[in-house]
Enquirer: 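First the structure, which I've put down as structure tokens, then a few questions once you've had a look.
Both ligands and their constituent atoms are indexed starting at 1 by order of listing. Throughout, numbering of the chain's residues begins at 1 and tracks the sequence.
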Amino acid sequence: MILVVGGAGYIGSHIVKELIKSTKVVIFDNLSTGHGWAVDNNAIFIQGDLGKEEDLEKVFSTYSIDAVMHFAANSLVEESVINPWKYYENNVAATLTLLKIMMKYGVKNFIFSSTAAIYGIPKEDFLTEQSLTNPINPYGRSKLIIEQILEDFSQAYGMRYVVLRYFNAAGAHESSLIGESHDPETHLIPIILQHLLGKREKVLVFGSDYNTRDGTCIRDYIHVTDLAHAHILSLNALLTGKKQTATYNLGNGTGYSVKEVIEACEAVTGRQATIEYVERRMGDPSQLIASSEKINRELGWKAKIKLPEIIESAWSWHKKMVGLEKENSLEHADWFVIKNRDRYL
Ligand code: UDP
């Protein structure tokens with residue numbers, strides 16, 4: 001049985017959809033940023049707080065857990081600059097509590113969601129796992145601290161782990177049942193699509209004076225379903241003993257500027273965006289592009305879904321969300337809780 005911490009969140013819920021095809025899954029989530037409607041009906045769901053030992057004890061004492069996948073984190077760069085305490089509390093202290101309970105129950109396999117933000121300002125065009133790690137914001141630092149803790153725990157306690165450093169996760173599940181939905185939304189692709197659906201007046205482009213081909217930031221966008229496949233391969237590598245510890249970058253290996261992403265959204269939707277250039281956002285490096293050669297070589301993973309398809313899947317999801325909002329006067333989360341109350345412990 002696999003425990004997915006943060007399985008009601010954007011990335012976690014997509015991984016659950018893949019995992020559930022071959023194994024039993026327990027989702028643990030406090031629904032602070034995740035959604036009740038994103039919880040897969042075939043998984044066991046436990047609502048609880050990662051930082052509370054008693055909530056975790058309930059899970060580990062009830063179920064026989066083979067491995068833990070950990071997605072529960074705060075992940076907004078600018079927010080982390082403004083409120084670093086929240087990031088060290090939720091991303092570092094709470095994860096440490098999870099690791100402590102795992103050790104107590106002898107659960108040694110761990111998959112950790114890390115981020116390209118640990119690299120800071122890159123010195124090379126393509127970041128490899130050997131590139132210098134020098135995060136420039138508390139979010140990146142909070143993730144790097146856990147990576148370092150995992151190294152120590154593997155040495156001292158025989159912990160087995162795979163660290164997956166995501167570049168920019170985007171897109172939605174092929175079913176359009178789940179997709180990216182944050183409140184407030186801060187991510188580029190959902191913001192552009194919300195604007196193109198008439199839910200926002202314009203798209204603000206944060207910074208036009210970066211040292212890039214068009215002055216806007218460059219990122220490497222990766223579809224959540226590609227991410228999900230990398231998690232399954234990593235889990236199998238741990239459970240079969242093929243890997244004791246590993247760290248991998250997950251990206252497409254192609255960088256798109258903010259302007260290019262807006263143009264790609266216009267092409268997919270056939271709609272024109274209104275753009276306003278504003279100040280740089282705090283904590284943003286100019287360019288982050290992955291080399292994912294290592295996971296390709298060692299586990300045979302390669303991203304398959306390119307930016308236009310990523311946007312198409314997100315567009316289907318966003319159009320559906322608008323329809324749902326019209327149909328349901330209740331918030332999605334409340335609607336789900338009412339219908340599924342007996343699944344809550
Ligand atoms: N961005 C932007 N306008 C927005 C949201 C994002 O210009 O409304 C830019 C942001 O500054 C960054 C890129 O788009 O350069 C991707 O940002 P996002 O928040 O999606 O992901 P991040 O790279 O922060 O993980």
Enquirer: Do side-chain atoms of Q155 reach the backbone of D152 as a donor and acceptor pair under 3.5 angstrom?
Expert: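 Side chain of Q155 to backbone of D152: no pair is present.
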
Enquirer: Name the residues in contact with ligand 1, where contact means a heavy atom under 4.0 Å away: which are they?
Expert: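 Residue list for ligand 1: N168, T186, H187, L188, I191, L204, V205, F206, C217, R219, Y221, V258, R281, D284.
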
Enquirer: Which pairs pass salt bridge (Lys or Arg N to Asp or Glu O under 4.0 Å) with one or both residues in residues 223-233, sequence neighbours excluded?
Expert: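 Applying salt bridge (Lys or Arg N to Asp or Glu O under 4.0 Å) to every pair that reaches into residues 223-233, excluding sequence neighbours, yields nothing.
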
Enquirer: Could you list the residues that satisfy side chain to side chain contact (heavy atoms under 4.5 Å, CB included) with L233, not counting sequence neighbours?
Expert: L299, W301

Enquirer: According to salt bridge (Lys or Arg N to Asp or Glu O under 4.0 Å), who are the partners of D214, at least two apart in sequence or on a separate chain?
Expert: none

Enquirer: If you draw a 6.0 Å radius around NZ in K24, do more than 12 non-hydrogen atoms from other residues or ligands fall strictly inside?
Expert: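 Counting neighbours around NZ of K24, 12 or fewer heavy atoms of other residues, nucleotides or ligands fall under 6.0 Å, so no.
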
Enquirer: Under 6.0 Å from the CD atom of E54, do we count more than 12 heavy atoms belonging to anything else shown?
Expert: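 Check passes, neighbour count above 12.
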
